[in-house]
Amino acid sequence: MYENLNSMQREAVFQTEGPVLILAGAGSGKTRVLTHRTAYLIEEKGVNPYNIMAITFTNKAAGEMRERIDEQVGYGAESIWVSTFHSTCVRILRRHIDRLGFDNNFTIYDSDDQKTLMKDICKRLEIDTKIYKEKTFLNAISSAKDELLDPITFALQATGDYTKQKQATVYREYQDALKRNNALDFDDLIFKTVELLKTDGEVLDYYQERFRYIMVDEYQDTNTAQFELIRLLASKYKNLCVVGDDDQSIYKFRGANIYNILNFEKHFPEARVIKLEQNYRSTQTILDAANGVIKNNQGRKEKALWTENPQGEKIDFQQFETAYEEADYIARDIQKKVQSGDYTYKDCAVLYRTNAQSRLLEERFVVSNIPYKIVGGVNFYARKEIKDLLCYLKTIDNARDDLAVRRIINVPKRGIGATTLARVQEYANQEDISFYNALRAADEITTLGKAAAKIRPFVLFIQTMRSKVEYLSVQELLEEVIEQTGYVKELEAEDTEESKARMENIDELISKTAAYQEKCEEEGTPATLSGFLEEVALIADIDSLDENQDYVVLMTLHSAKGLEFPQVYLSGMEDGLFPSYMSIVSDDSVAELEEERRLAYVGITRAKQLLTITCAKQRMIRGETQYSKVSRFVREIPRELLTGAVRQEKVKKMPQQETYMQAKKTFSAKPFAMPKLGKDLPKAGSVEELGYGEGDRVKHIKFGEGTVKGIVSGGRDFEVTVDFDKVGTKKMFASFAKLKKI
DNA sequence: AAGACCGAGCTTTTT
DNA sequence: GCTCGGTCTT
């Protein structure tokens, strides 16, 4: 079992005791090392799986590690604690945060909620948000928490600096408000856990005993608070194994402290350092390119990545006149590769520096009928309709979250306006009760007058729902909220493309509640409303990537970290875009350019077989045409590795706006969701092959019987509109629907 | 209280 | 170029 590891990997696996730093270059098989190490601990060292913890940054990474550990470890794998920093902390806090004066059923605020709360506070403190931006405050608070500065310490450090003093005041107010709402923001999850472990010896002892062997993935991305958390937990047994690559540290803006990895041996003098330098992922050419770029950075740990893989193809470098041509080239190139039969869509990934770049690519992909998935941008759970419904559930779950209540009290419209809200709030402050409790006492608020009558049904509704929490499933609760509020009915009445998309999202949310139920039953854990809300709060977009589906993935370089693809396109490689203009003109431009360079390194090393680098001479940014030179990072790649050179393409016809909109409409909310591989993919073929036509009566497995109203060819599949007798008109893809003529 | 209209700011990256 | 938020009107 350990024979197919190389000597360094084996060393990392066998070094189980004491602090270990594994410097794992890109593609050097670190996940393999971690999983083998876990197996070794259990099977050879007799360690109880219950005493092992593995921490990652994303749910996806945690899920993958879980899967591979399960494969590797057979018995007892399920009691190993594998999870992200954030969910680890939530699990700890749910049990013990009452010791810090919070309720154990606290809610978690996302960035949207934070902003709303901050606006509130600025208003209350009469801060002119034209001069002092909410966002700046939130950033300051976030960095403070990353550095474990509480409001008092922060204030002490602010003496003599007016802006900082102001931030200190806001910080204190912000924390007070969170506590009143029984809520924590993302950063608090870590901060409060550290606080808990530091102040409560009993809890600390419990978790130190439990986590005798700790492993941390992507260690270069940890911030000070996360480091402290790990340090506290590991300080008793000192069996701490961290894996990382300083060359892939790209989250400085999020507080990641690169010195956690650079100074690991200082923090743990007895630490063993093991370097994994053999790359199993990429061709020699790709590796040479990556090394050519990263060697321009100073102050990195000395590493020499090498591979036994073949030289491989040269890097395809293309410069275009415009960003349209660039997008067009990428789309055609992918189509060409797929049609040749050598690759599938899911072998390809397009990476870019900023999310805004995805639009042009998306347009081109829609026109070319290429199935794709965009990772990032607006998170599913940040969409308005989803947040609204979740806030209903949150209100039912935790009455102290004022924010959630205020969001939904007039959605859908109940004729409760700003004035009424202000009066209720005033009463709440006066009586020192929560906003919701003030609503419950609406009849006592003399200033309300007739408005009290509008509040009563809302309160009654929430109270009734609360009494049902015990015996209804999450799905049933959600469906009842939708039914009782008429939320979907209102969208139905709107009958626009947008409202349809929203309804689809709501359906998606319902299936997520069902999936949650299923998951809990599988794991044998109780499915609760709080549990669902919590899971939902900690989901990132990248977690939804599904390797089994055949689509091209589009995402930012940041999101791509930890992933690999046979075919990688690095688009928009222009000075000013990547490296970003901000990093070039910054006061600290040397450091910021190094961070950008690491990002380039991450991008290049995602590729297994072929790397394509593209850029455009002109592109629209923020409604303005920008003219840019080829990125300096491209020039750092040894010339002989590149083909294509600077190329002059004739301007291709721009996509007709109408064609695009039409195409996009056909596939509205969920473009090109594809059936799982393995099942036979129905070919587009002809309409006849469907076995039914317009006007025919058909049967659907879930919706029952109905009449076919229309069939539209979507290129690779047909979109069929059916008017069902029971559930009304639905649009669906023929390959999914499996409609039967009757 | 609800809807229409207009201007500001944004785009570097996110658990 | 687009989105969000604020203000004005009914």
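Numbered from 1 within each chain, the chains take letters A, B, ... in sequence-line order. Heavy atoms only: backbone and side chains are in, while hydrogens, waters and symmetry mates are out.
- With A/F106 as the aromatic partner, A/R94 meets the cation-pi criteria of under 6.0 angstrom to the ring centre and within 45 degrees of the ring axis.
- For the pair A/R414 and B/dA1, the criterion of a side-chain N or O lying under 4.0 Å from OP1 or OP2 is not met.
- Contact between the side-chain N/O atoms of A/S559 and the OP1/OP2 oxygens of B/dT14 is found at a separation under 4.0 Å.
- Closest contact between the side chain of A/K133 and the listed nucleotides B/dC10, C/dG1, B/dT11 involves B/dC10.
- Atom CG in A/L360 sits roughly 19 Å away from atom P in B/dT11 (whole-Å rounding).
- We find that NE2 of A/H558 is positioned 14 Å from P of B/dT11, with the value rounded to whole Å.
- Checking C/dG1, B/dT11, B/dT15 against every side-chain atom of A/I621, the shortest atom distance belongs to B/dT11.
- In terms of phosphate contacts, A/S580 brings no side-chain nitrogen or oxygen within less than 4.0 Å of OP1 or OP2 of B/dT13.
- Using modelled atom types, one finds no donor on one side chain facing an acceptor on the other under 3.5 Å when comparing A/T556 with A/N355.
- Cation-pi geometry between A/R406 and A/F435 is met: the NZ or CZ atom falls under 6.0 Å from the ring centre, inside 45° of the normal.
- Following rounding to the nearest Å, A/M620 (CE) and B/dT11 (C1') show an atom-to-atom distance of 15 Å.
- Across B/dT13 and C/dC4, the matching P atoms stand 15 Å from one another, rounded to whole Å.
- Judged by closest nucleotide on DNA chain B, A/K413 is the one of A/K413 and A/Q226 placed further toward the 5' end.
- The aromatic ring of A/F253 sits over the base of B/dT13, with ring centres less than 5.5 Å apart and planes tilted by under 30°.
- Distances from the side chain of A/N410 to the nucleotides B/dA2, B/dT13, B/dT15 place B/dA2 closest.
- Checking B/dT12, B/dT13, B/dT11 against the side-chain heavy atoms of A/K135 singles out B/dT11 as nearest.
- Ring pair A/Y372/A/F365 is perpendicular by interplanar angle, where above 60° counts as perpendicular and below 30° as parallel.
- To the nearest angstrom, P of B/dC10 lies 18 Å from CG of A/L577.
- One finds no side-chain N or O of A/N223 lying less than 4.0 angstrom from the OP1 or OP2 phosphate oxygen of B/dT15.
- A straight line from CD1 of A/I374 to P of B/dT13 spans 14 Å, rounded to a whole angstrom.
- The side chain of A/T420 lies closest to B/dA1, out of B/dA1, C/dG5, B/dT15.
- B/dT12 and C/dG5: their C1' atoms are spaced 23 Å apart (whole Å).
- Of all nucleotides listed (B/dA1, B/dT15, B/dT12), B/dT12 comes nearest to the side chain of A/E596.
- In terms of phosphate contacts, A/T419 brings a side-chain nitrogen or oxygen within less than 4.0 Å of OP1 or OP2 of B/dA1.
- Rounded to an integer number of Å, the gap from CG of A/D146 to P of B/dT14 is 16 Å.
- No side-chain donor-acceptor contact under 3.5 Å links A/D188 and A/Y109.
- In this entry the distance linking CD of A/Q357 with C1' of B/dT13 reads 12 Å, nearest Å.
- For C/dG6, one of the phosphate oxygens OP1 or OP2 lies less than 4.0 angstrom from a side-chain nitrogen or oxygen of A/K119.
- Ring planes of A/F211 and A/Y207: parallel class, angle under 30° (limits at 30 and 60°).
- Counting to the nearest Å, the C1' atom of B/dT15 and the CD1 atom of A/I190 are 8 Å from each other.
- Mapped onto DNA chain B by nearest heavy atom, A/K454 and A/E595 fall at different nucleotides, with A/K454 at the one closer to the 5' end.
- At the phosphate of B/dT13, OP1 or OP2 sits under 4.0 Å from a side-chain N or O atom of A/N355.
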